[in-house]
Amino acid sequence: MDQLSHNTNMDIEKESATFDYSKRSQWLRAAVLGANDGLVSTASLMMGVGAVKHDVKAMILSGFAGMVAGACSMAIGEFVSVYSQYDIELAQMERESGEIEKEKLPSPTQAAAASALAFSAGAIVPLLAAAFVKEYKTRIIAVVVAVTVALMVFGWLGAALGKAPAVRSSARVLFGGWLAMAVTFGLTKLIGLHGL
């Protein structure tokens, strides 16, 4: 039994060593970018609104509108982008062999759906963090903490799936997200204070 287990582990290690992780790059990029963008843009929008309006309803409505608009935008962008790639690969197949191998072509619909779902998955984090907290300062802190944890998880997940350095990836995603929220909060607060 131990020998069988050892052989199985060796087979898995060999597959892992020969697996081309760059093949994951297209869907991994779309999923990680979508989730990270949903998280950061929705949280930043909510923080910006929260800088001038302390009402929980205003923060939630702005976050929800940002989630819907962002998911639609990501889906359309991904659909158009992948459809362009589809057309190029289709034309190349026709030039090379005259045969069309549909299973080798990218799916614009799948890419659009995956991008919209990933964006929504990221966007739901700050919405849930703010939804159940009435007190303004506690709500802002809850959003920042939830987003911080999610940013670290998304950074780590992207690195783990692509076999890249996890600490560097998580730190890059985390600091980028913090910067986006801080700039949005600060500029909106500044503009709000001067009555524009």
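Contact record, A180 with V40: CB-CG1, 3.5 Å, taken as the closest heavy-atom pair. Heavy-atom minimum distance, A129 versus A146: CB-CB, 3.6 Å. Across M46 and A130, no two heavy atoms sit closer than the pair CE-CB, 3.5 Å. Considering all non-hydrogen atoms of both residues, A150 and V125 come closest at CB-CG1, 4.0 Å. When every heavy atom of S120 is checked against every heavy atom of M67, the shortest pair comes out as O-SD, 4.1 Å. Closest approach of L39 to P126, counting heavy atoms only: CD1-CD, 3.8 Å.
The main-chain N or O of T184 is found under 3.5 Å from a side-chain atom of T188 such that the two form a donor-acceptor pair. The backbone N or O of A111 lies less than 3.5 Å from no partner atom in the side chain of S115, so there is not a single donor-acceptor pair. Remark: the backbone N or O of G77 is not paired with any side-chain donor or acceptor of S81 at under 3.5 angstrom. S169 places no side-chain N or O within donor-acceptor distance of the main-chain N or O of W156, the cut-off being under 3.5 Å. Using modelled atom types, no side-chain atom of T138 and backbone atom of K134 make a donor-acceptor pair closer than 3.5 Å. Between the side chain of T42 and the backbone N or O of G66 there is no donor-acceptor pair closer than 3.5 Å.
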Step-by-step side chain to side chain contact (heavy atoms under 4.5 Å, CB included) determination, F175 to L151: CA-CA 9 Å; F175 289 121; L151 285 168; over 6 Å; no
Please test S41 against F119 for side chain to side chain contact (heavy atoms under 4.5 Å, CB included), starting from the C-alpha separation and ending with a verdict. CA-CA 10 Å; S41 61; F119 187 96; 3.4 Å; yes
Check step by step if side chain to side chain contact (heavy atoms under 4.5 Å, CB included) holds for M47 and I140. CA-CA 7 Å; M47 294 295 281; I140 295 292; 3.7 Å; yes
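Criterion: ILVMFWY side-chain heavy atoms under 4.5 Å apart, direct or through other members. Under it, F154 and M74 are not part of a common hydrophobic cluster. Cluster annotation: L117 and F79 are assigned to distinct hydrophobic clusters (Ile/Leu/Val/Met/Phe/Trp/Tyr, side-chain heavy-atom contacts under 4.5 Å, transitive). Note: the hydrophobic cluster containing F132 does not contain V149 (ILVMFWY, side chain heavy atoms under 4.5 Å, direct or indirect links). Cluster annotation: M152 and L157 are assigned to distinct hydrophobic clusters (Ile/Leu/Val/Met/Phe/Trp/Tyr, side-chain heavy-atom contacts under 4.5 Å, transitive). A continuous path of ILVMFWY side-chain contacts below 4.5 Å connects V143 to Y136, so both sit in one hydrophobic cluster.
Between S107 and V82, the closest side-chain pair of non-hydrogen atoms is not below 4.5 Å. Using a 4.5 Å heavy-atom cutoff, the side chains of V147 and W178 are not in contact.
Atom OH of residue Y83 and atom CD1 of residue I88 lie 13.5 Å apart, to the nearest 0.5 angstrom. I100 CD1 to E89 CD: the interatomic distance, rounded to the nearest 0.5 Å, is 12.5 Å. Interatomic distance, I124 CD1 to F64 CZ, rounded to the nearest 0.5 Å: 8.5 Å.
A search for salt bridge (charged side-chain N to carboxylate O under 4.0 Å, His left out) contacts involving E101 returns K104, not counting sequence neighbours.
A 6.0 Å sphere centred on CD of Q110 holds no more than 12 heavy atoms belonging to other residues, nucleotides or ligands.
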Only pairs under 3.5 Å count here: list side-chain donor-acceptor contacts from residues 48-61, not counting sequence neighbours, and write none if there are none.
unit_1 : atom_1 : unit_2 : atom_2 : d
D55    : OD1    : K57    : N      : 3.4
D55    : OD2    : A58    : N      : 3.4

